[in-house]
Protein chains: 2
Amino acid sequence: MANEAGALCISSTNLAEFIGVNSCQIRKDFSYFGYLGIRGSGYNIEKLIKKIKSILKITVVQKAALVGVGNLGSAILSFPGFAVYGFNIAAAFDVSPQKIGKKINNVKIENISKLWILKRKKVNLAILAVPSEAAQSTTEKLVKAGVKGILNFSSCYLSVPKKVKVITTDIAMELARLPYYIPAG
Amino acid sequence: MANEAGALCISSTNLAEFIGVNSCQIRKDFSYFGYLGIRGSGYNIEKLIKKIKSILKITVVQKAALVGVGNLGSAILSFPGFAVYGFNIAAAFDVSPQKIGKKINNVKIENISKLWILKRKKVNLAILAVPSEAAQSTTEKLVKAGVKGILNFSSCYLSVPKKVKVITTDIAMELARLPYYIPAG
DNA sequence: AAGGTTATGTGAATGTGAACACAAGAACTA
DNA sequence: TAGTTCTTGTGTTCACATTCACATAACCTT
């Protein structure tokens with residue numbers, strides 16, 4: 001687990017066990033990014049984390065905006081997990097006058113008509129948690145505001161220019177996949 | 001769009017456009033489940049939905065339990081999207097005495113020590129929204145209670161018996177994937 | 001220091017999924 | 001009814017991802 005220099009190491013076998021895949025998959029995948037490991041001892045954990053962070057481009061704090069502060073949006077604002085990857089929710093937006101002006105987790109909720117400030121604030125990423133009906137139109141505003149990546153929680157396909165990347169997570173659909181794997185009875 | 005019988009149809013090309021994939025992908029995938037379409041007109045929408053629901057085994061209302069009624073859990077309880085696929089949140093559990101006994105969206109929050117009632121209630125599915133530290137131990141209780149499928153929102157790998165299916169959705173990791181696609185600048 | 005052990009990195013084989021191209025069938029038109 | 005237009009379903013090709021197996025290298029123990 002530790003090499004000569006005292007640095008903590010982990011083997012592909014160990015990593016594979018932790019996440020439930022084959023060990024050579026780990027090695028093959030890592031090898032695409034160069035010689036990360038040391039034969040006989042494994043992968044230097046610190047170096048590995050740095051390398052993966054640099055591949056994902058999360059070496060510096062990334063700013064993200066939250067659009068739609070409903071139930072899910074509020075949960076996201078209070079979610080502590082983003083810090084792990086160095087994310088910072090720099091702004092939040094909603095249409096509801098009752099919400100605008102309030103603060104959740106130290107983030108002030110702005111009027112959604114002010115999405116354009118994202119350009120000035122140089123916020124590249126947005127988390128979209130608005131109702132499906134509003135998803136496409138809001139997306140277009142986000143694109144205009146210079147957003148380059150959208151994490152979409154609404155259950156619909158978003159049409160965007162090629163330069164913009166969308167990742168969609170449909171919670172209900174994930175749940176709907178489960179029964180398929182479960183034998184009847 | 002409509003065949004002789006007046007039933008509404010949709011072509012693979014149309015479907016493909018809607019969800020942003022290649023049309024032959026649609027046809028190939030559907031063909032694995034038999035002759036679903038009609039040459040010249042397309043796929044009968046109603047029949048198609050029924051077929052997909054039967055493949056996913058969501059033809060009848062599926063009961064699911066929510067475990068962990070924190071920010072995310074509360075959002076999930078209030079989430080209207082599950083109804084689309086015929087899901088019913090039949091029970092909710094938490095450890096916090098302040099939450100136990102309260103109702104959200106007409107679902108009463110039970111003490112997590114009562115997870116065993118899921119067996120009697122014949123609830124097969126669980127949505128896990130507890131802190132990562134508690135995820136594995138809670139999972140084991142769920143498995144004991146007869147749960148066969150778990151939708152896991154905590155950011156860790158869950159070790160379960162082979163007969164149990166886990167689908168993990170790590171919101172922070174999804175967001176962490178975005179910067180990778182975005183050119184620096 | 002030398003031999004044994006451990007673990008990486010990779011060529012080759014295998015498996016899987018996507019794309020292409022087209023034959024065949026259904027609907028529509030005149 | 002005959003010909004034209006759609007659209008499915010599929011054989012084939014291509015591309016990619018996973019797994020196997022092992023040579024190579026670093027570490028460890030005596």
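Chain A is the first sequence line, chain B the second, and so forth, proteins listed ahead of strands; every chain is numbered from 1.
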OP1, OP2 of [N] versus side-chain N and O of [X]: anything below 4.0 Å?
X       : N      : answer
A:Tyr43 : C:dG9  : yes
A:Asn22 : D:dC20 : yes
B:Ser12 : D:dT8  : yes

Open item on the list: Using 0.5 Å steps for rounding, measure from the NZ atom of A:Lys57 to the CG atom of B:Leu178.
Closed with: 11.5 Å
Determine yes or no for a side-chain-to-main-chain donor-acceptor pair under 3.5 angstrom, with [X] supplying the side chain and [Y] the backbone.
X        : Y        : value
B:Lys148 : B:Gly146 : yes
B:Lys63  : B:Lys121 : yes
B:Lys119 : B:Lys144 : yes
A:Asn105 : A:Val107 : no
B:Lys99  : B:Val69  : yes

Atom [atom1] of [X] and atom [atom2] of [N]: how far apart are they, to the nearest Å?
X       : N      : atom1 : atom2 : result
A:Arg39 : D:dA25 : CZ    : C1'   : 5 Å
B:Asn44 : C:dA27 : CG    : P     : 12 Å
A:Ile45 : C:dA7  : CD1   : P     : 13 Å
B:Leu8  : C:dA27 : CG    : C1'   : 16 Å
B:Leu36 : D:dT10 : CG    : C1'   : 14 Å

TODO: Kindly point out which of D:dA23, D:dC27, C:dA24 is positioned nearest to the side chain of A:Ile38?
DONE: D:dC27
Open item on the list: As a test of reading the structure: which of D:dT10, C:dA7, C:dA26 is closest to the side chain of A:Ser11, going by heavy atoms?
Closed with: C:dA7
- [ ] Could you check if a side-chain atom of B:Leu72 sits within less than 4.5 angstrom of a side-chain atom of A:Phe79, using non-hydrogen atoms only?
- [x] no
Open item on the list: Heavy atoms within less than 4.0 Å of DNA chain C: which residues of residues 23-33 of chain B have one? Give them sorted by number.
Closed with: B:Cys24, B:Gln25, B:Arg27, B:Lys28
Task: 5' precedence on DNA chain D between A:Val21 and B:Gly42 (nearest-nucleotide basis) - done: B:Gly42
Task: Upstream residue (5' side of DNA chain C) when A:Gly40 and A:Tyr35 are each assigned their closest nucleotide - done: A:Gly40
